[in-house]
Amino acid sequence: MNELPVSNGLLIIPHLRVQNANAISSPLTWGFPAISAFIGLMQAVERKLKGRFALMFDSVGVICHSHEAQVSEGYQRAFRLTRNPVNERGETAAIVEEGRIHLDITLIFGVSGYREDGQPDPVQGDWQQRRQIATEITELLGSLRIAGGSVFLDPQHKPLLEPLAQGEERSKQFRYLRRRWLPGFALVSRDDLLQAHLQHLQGENVSADLLDAWLDLSRLNLRAQETRPASETQPAKVEWRAQRVVPNGWLVPIPVGYGALGPLQTAGCVANARDGQTPLRFVESLYSIGQWLSPHRLHDVDDLLWYASADPEAGLYRCHNLYSQTLCTDDME
C-alpha cells in the first residue's frame, strides 16, 4: 500500500439528502453505494475546485443517518423499476435493472491546505473564511451526483471546515464532532475479521480459502441443534438456530476497489473506450468485509476515513480504511 497522505483539516458536510442513488454496489453486493463512489466524488470535487481554493482532498468518510431502498416488501424483495419508454418501432424497450436508494448522509473529507501565490493556508484562516469556503464547496456538491443520485442540500445544517488539532486537543475535538453525527452509522473496514475467520475455517477444512470466509461472513448461517434426544416413542427434536462465529456487529460484504484482469493498455489502442487519452485496463471488483458503527464507538477521525491507493505493477486499485489497524495497535498496547 502506498504511503497515505496526512491531512491538516476536515471538511464536514452534514445531512446531504440523496435521491435515487445506485444501490447496486458491485456484481455481488447491493444495499448501499460502493465506497469507491464516494472516492470518485471526492476526486471530482477536487478537480472542479482547482484554481479556486488551495485545498487537496486526501480521504473521505461517510455516515448514514437514514436510508430507504426502493424495493418491494415481503419475503422476496425486488427492485422497484421504472418503465422505459417505447423504442422507435413503438415496442417496449428492454428493462435494465436499476437498484435505487434514498439516503441521508454526512460526508467528512480529510483535506490538506497549502500556501499558493502568497495566499495563506485556507485551513488555517479565520472561521468566517473557512465557513465561506465550506459553503461554496457544499453548493458545488449540490450540482453534482453522488453514486448517480440527485443531491439536495439542507440549509438548516451548516458545513464546516475545521483545522485538525493535535495531541489531547485532537481527542477532545473528535469527541465534540462525533456527537454531532448522531444518530447515524459510519462504514469502516474489517479486513481483520476476514483474515481471522479464514484461519477459523482452515482449522476445520484446510482447503478453505478467502472466498469461503467472505461468503460465510456475508450470510446468515443456520445450524441444526438437538433440543430433545430421541426416545423409544418419540424421535429427536431438532431446531434450526442462527450461529455466529464472529463478534456481534453489523457486518456487511463490501467492494473495496478493483483488481487487474490483464496488462495496462496504451491510450487509444482499445476501440470504443470512453477516454482515448488515458491508458486503459480491464478490471474486476475486489471484496472485503465492512462494519457499520455508531460514531460514538470511534476513537479518532482516521477510524472512519477512506483513502485511495494504486499499485499498477501489482494490478491493485484499492480503497483503504485504518480502523482494523487501529484495533490491532490498541490490542498490542
Check: L41 and L107 side chains under 4.5 Å, non-hydrogen atoms: yes
Can you check whether P159's main-chain N or O pairs, donor with acceptor, with R131's side chain at less than 3.5 Å? yes
Does the side chain of D303 reach to within under 4.5 Å of the side chain of L322, using non-hydrogen atoms? no
State the NZ-CD distance between K48 and Q43, to the nearest 0.5 angstrom. 13.5 Å
Positive for side chain to side chain donor-acceptor pair (under 3.5 Å) with Q132, one of Q128, Q129, R130, E136: E136
Which atom pair, heavy atoms only, marks the closest approach of L164 to V301? CD2-CG1, 4.2 Å
Any sub-3.5 Å donor-acceptor pair from R100's side-chain atoms to R80's backbone N or O? yes
For P255 and S25, which heavy atoms make the closest approach, and how far apart are they? CG-O, 3.6 Å
Check whether any side-chain heavy atom of F32 lies under 4.5 Å from a side-chain heavy atom of C64, and answer yes or no. yes
Do Y317 and Y307 belong to the same hydrophobic cluster, where Ile, Leu, Val, Met, Phe, Trp and Tyr are linked whenever their side-chain heavy atoms lie under 4.5 Å apart, directly or via other members? no
Side-chain touch L187/L293, heavy atoms, less than 4.5 angstrom: no
Is the backbone of D212 close enough, under 3.5 Å, to the side chain of D216 for a donor and an acceptor to pair up by distance? no
When you compare the side chains of T138 and T135, does any donor N or O come within less than 3.5 Å of an acceptor on the partner? no
Out of curiosity, R190 CZ to Y323 OH, how far, rounded to the nearest 0.5 Å? 5.5 Å
With I105 as partner, the option from I63, V151, L16 fulfilling side-chain contact (heavy atoms from CB on, under 4.5 Å) is L16
Is any NZ, NE, NH1 or NH2 atom of the basic residue among R170 and D300 found under 4.0 Å from an Asp or Glu carboxylate oxygen of the other? yes
What about L211 and L201, same hydrophobic cluster or not, with Ile/Leu/Val/Met/Phe/Trp/Tyr joined at side-chain heavy-atom distances under 4.5 Å? no
4.5 Å side-chain heavy-atom contact, V62 and I35: yes
Gap separating the CD1 atom of I13 from the CG atom of L160, nearest 0.5 angstrom: 10.5 Å
For A165, does its backbone N or O pair with a side-chain atom of Q173 as donor and acceptor, under 3.5 Å? yes
Exam field: side chain S143 to backbone L140, donor-acceptor pair closer than 3.5 Å: yes
Apart from V283 itself, which Ile, Leu, Val, Met, Phe, Trp or Tyr residues share its cluster (side-chain heavy atoms under 4.5 Å, direct or through members)? Y258
ILVMFWY network linking L222 to V238, side-chain heavy atoms under 4.5 angstrom: no
A260 backbone acceptor or donor facing R281 side chain under 3.5 Å: no
Is S26 reaching over with its side chain to a backbone N or O of L28, donor-acceptor style, under 3.5 angstrom? yes
The reported gap from CD1 in I39 to OG in S309 (rounded to nearest 0.5 angstrom) is 9.5 Å
Show the nearest heavy-atom pair for residues I133 and P122, with the distance to one decimal. CD1-CB, 3.6 Å
Y176 with L10, same ILVMFWY side-chain cluster at under 4.5 Å: yes
Within a radius of less than 6.0 Å around CZ of R274, do more than 12 heavy atoms belonging to other residues, nucleotides or ligands occur? no
Flag for S324-D191: side-chain donor and acceptor within less than 3.5 Å: no
Exam field: side chain S59 to backbone L305, donor-acceptor pair closer than 3.5 Å: no
Is the backbone N or O of H102 less than 3.5 Å from a side-chain atom of E68, with the two atoms forming a donor-acceptor pair by type? no
So, do F38 and W306 have ring centers that fall under 6.0 Å from each other? no
According to a 4.5 Å side-chain heavy-atom criterion applied to Ile, Leu, Val, Met, Phe, Trp and Tyr, with indirect links allowed, do L144 and L103 form part of one hydrophobic cluster? yes
Minimum heavy-atom distance I24-G99, with the two atoms named: CD1-N, 3.4 Å
Test side-chain contact (heavy atoms from CB on, under 4.5 Å) on R178 and R175; report intermediate values, then the result. CA-CA 5 Å; R178 69 186 183 185; R175 287 195 298 269; 3.6 Å; yes
Quick one, I137 with L49, criterion side-chain contact (heavy atoms from CB on, under 4.5 Å). Give me CA distance, side-chain angles, the key distance, then yes/no. CA-CA 8 Å; I137 295 177; L49 291 176; 3.6 Å; yes
Can you say whether the rings of F109 and F57 are parallel (under 30°), tilted (30 to 60°) or perpendicular (over 60°)? perpendicular
How close do A186 and L304 get, heavy atom to heavy atom, and via which atoms? CB-CB, 4.4 Å
Pair N321, S189: side-chain N/O donor-acceptor within cut-off below 3.5 Å: no
Atom pair NZ/CG of K50 and L55 - distance to nearest 0.5 Å: 14.0 Å
Would you say the side-chain atoms of D104 and H67 include a donor-acceptor pair closer than 3.5 Å? no
Suppose the criterion is ring-ring contact (aromatic ring centres under 6.0 Å, His included): which pairs have a residue in residues 136-170, not counting sequence neighbours? H15-H157
Please check if atom CZ in R297 has more than 12 non-hydrogen atoms from other residues, nucleotides or ligands closer than 6.0 Å. no
dist D58:CG -> S112:OG (nearest 0.5 Å) comes out at 3.5 Å
For W181 and I12, what are the C-alpha separation, side-chain angles and deciding distance, and is it a side-chain contact (heavy atoms from CB on, under 4.5 Å)? CA-CA 10 Å; W181 301 332; I12 303 168; 3.8 Å; yes
Considering all heavy atoms, the nearest L182-S294 contact: CD2-OG, 3.4 Å
Tell me, do T106 and H65 make a side-chain contact under 4.5 Å, heavy atoms counted? yes
Pairwise side-chain contact, V45 with R47, heavy-atom cut-off 4.5 Å (strictly under): no
Hey, is the main chain of Y287 close enough, under 3.5 Å, to the side chain of W214 for a donor-acceptor pair? no
Given the rule in the side-chain contact (heavy atoms from CB on, under 4.5 Å) test, do S218 and I289 qualify, once you have shown the distances and angles that lead to the verdict? CA-CA 8 Å; S218 303; I289 293 294; 4.1 Å; yes
Are P163 and N8 side-chain neighbours, meaning at least one heavy-atom pair lies under 4.5 Å? no
